[in-house]
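So that the names make sense, note that chain A is the first sequence line, chain B the second, and so on, each numbered from 1.
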Protein chains: 2
Amino acid sequence: MKCSQDCRHCFRGLCIHRVPLFSSLSEENLVQIAGLIQHKNYEKGDRLISEGTTMESLIIINEGSVKAFRYTPAGREQRSYLFSEGDFFGEQYLFSDLKATYNVEALEAVKICMLTKTQLHKVLHTHPDVAIKLISELGKRIAQMENTFQSLGIRNVDARVATLLLDFASKYGEESPEGTVITLPISREGMANFLGIARETLSRKLSKFEDEGLIRSIDLKTLLVRDSGTLGDLAGLSD
Amino acid sequence: MKCSQDCRHCFRGLCIHRVPLFSSLSEENLVQIAGLIQHKNYEKGDRLISEGTTMESLIIINEGSVKAFRYTPAGREQRSYLFSEGDFFGEQYLFSDLKATYNVEALEAVKICMLTKTQLHKVLHTHPDVAIKLISELGKRIAQMENTFQSLGIRNVDARVATLLLDFASKYGEESPEGTVITLPISREGMANFLGIARETLSRKLSKFEDEGLIRSIDLKTLLVRDSGTLGDLAGLSD
DNA sequence: CTTTCTGCTTGATTTGAATCACAGCAATCC
DNA sequence: GGATTGCTGTGATTCAAATCAAGCAGAAAG
């Protein structure tokens, strides 16, 4: 199946074109790999991966977004990631026989592409470019995690909240004359878990930022960032 | 130069044999790659990498240990890693043109092996096995970081200290009839930075653990872990 | 051997976030 | 439309770790 201009109708080629991982490949190779890929859809709230499960595939998000999280021994959801279109995950487990150490849940309707363990191995062996790209992506992710580490180590909660807001602004924000409008992908509770702080504390911080004119809360799912400069200062000048 | 049984005297082959990264290679390939590797020695306190520098090589530690750290905007050392024999780092920067975002300093006399950007690319192209191994190692590192995330997100400082002690016990500890004797690679201040807590707090926690009979402080650089079971409970049953 | 310095401990106080408690609002269900 | 349920915001309180402040011990220097 050859891709026409509108990939939305070419399910095989769809995700592969979007994924930076395969961007270095020729059209011919793309089509070849596309044939190996399986597709699956999930509804909001569906579990894609559960802790302790054996992972057999690399998963690439084609449409929608998911959260990755764990439970603390006390049973609270904790420190999750958000993955959205073009992101991939599950690669850690494809080369070891470890079980998944986190859960992944759909935040909305989600379409994914899967490449199984053996197929990925084959691809990596025959296309070193893909391997290098994958290494590079993993490197980026590590660098990003190191950044997150830094902000985590900082006790200053204001800085963490500011960082999250700016992150969201760049990922989910849309520019408007008044500032950046963010459509929040997760609830306040979710954000608090993400930051490792109490729900109430997040509320208070957001209220404070609003009092200071840095943001404006449109409704529970929508936020306007009015002064990203000051937020940036807060995020950086921590400690 | 072919490796004899005692690799210590065969500088070219030395690190390559130790590094899991290259373990899948044939002796022939090993020798070939060994020829590309450069060696360097550092004294305690020497800087291997400075923030903002361009990284041109993958660095593999052959002997000794180093710490990786950043400075907070306020100028405090923060949240470092410890790398020792067989560990490698710097790979994130070899595929992007990013500058180093952390500093690396020798904690003792250190011998390293370096493989430059272009040489590594060449190796990865010609030896897909090495690429896959590298991907797998990076995956492991990510998994490990995710674990660290979890313990970081936990407010319970006791748990974090306990985790660190157990980590050190397995990395630097030696069994003795009374328990595991740890020769600490870093100062109290270093450990506190590592954990993201105040130096004083660490002191107090260690004193508390000692009162409870879990550990015994031999001298400032030596620690005896007497009850790793209870420490494990503390580390796990946090929050 | 004494002095000095550096890193460590211990105590007192402060601070900032967690927790507890409850009220308001929104969404869903009947 | 009204009721149940699940989020959210705010105030009061508690608590744990940071900070401030001495004091101590071991190492290096004179």
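- Across the protein-nucleic acid pair, B/Asp219 atom CG and C/dG7 atom P stand 16 Å apart, rounded to whole Å.
- Applying the side chain to side chain donor-acceptor pair (under 3.5 Å) criterion to B/Ser136, with sequence neighbours excluded, gives no partner residue.
- Between the CG atom of B/Asp158 and the P atom of D/dA16 there is a distance of 10 Å, given to the nearest Å.
- Residue pairs that meet the side chain to side chain donor-acceptor pair (under 3.5 Å) test with at least one member in residues 180-190 of chain A, sequence neighbours left out, are A/Glu175-A/Thr180.
- Partners of A/Ser65 under the side chain to side chain donor-acceptor pair (under 3.5 Å) rule, at least two apart in sequence or in another chain, are A/Glu108.
- Atom CG in A/Leu195 sits roughly 12 Å away from atom P in C/dA17 (whole-Å rounding).
- When rounded to the nearest whole Å, the span between CD1 of A/Ile197 and P of C/dA18 equals 6 Å.
- The neighbour count for A/Lys221 NZ, taken as heavy atoms of other residues, nucleotides or ligands under 6.0 Å away, is above 12.
- Cation-pi geometry between B/Arg141 and B/Phe88 is met: under 6.0 angstrom from the ring centre, within 45 degrees of the axis.
- Screening residues 163-187 of chain B for ring pair (Phe, Tyr, Trp, His ring centres under 6.0 Å), with sequence neighbours left out, gives B/Phe168-B/Tyr172.
- The phosphate of D/dA17 has OP1 or OP2 within less than 4.0 Å of a side-chain N or O from B/Lys205.
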Please list, for nucleotides 5-12 of chain D, all pairs of protein and nucleotide N/O atoms separated by less than 3.5 Å.
unit_1	atom_1	unit_2	atom_2	d
D/dT8	OP1	A/Arg188	N	3.3
D/dT8	OP2	A/Glu189	N	3.3
D/dG9	OP1	A/Arg188	NH1	2.8
D/dG9	OP2	A/Ser203	OG	2.6
D/dT10	OP2	A/Ser207	OG	2.6
D/dG11	N7	A/Arg204	NH1	3.1
D/dG11	O6	A/Arg204	NH2	3.3
D/dA12	N6	A/Arg204	NH2	3.4

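- Among the atoms of the strands shown, none is found under 4.0 Å from any heavy atom of A/Lys208.
- Within 6.0 Å of the CD atom in B/Glu212, the count of heavy atoms belonging to other residues, nucleotides or ligands exceeds 12.
- If you take CD1 of A/Ile218 and P of C/dA26, they are 15 Å apart, rounded to a whole angstrom.
- The aromatic rings of B/Tyr81 and B/Phe83 sit parallel to each other, their planes meeting at less than 30°, with 60° as the upper class boundary.
- Summary of helix geometry: the two end axes of the helix from C/dC1-D/dG30 to C/dC30-D/dG1, each defined by five base pairs via their C1' atoms, are inclined to each other by 40° (rounded to 10°).
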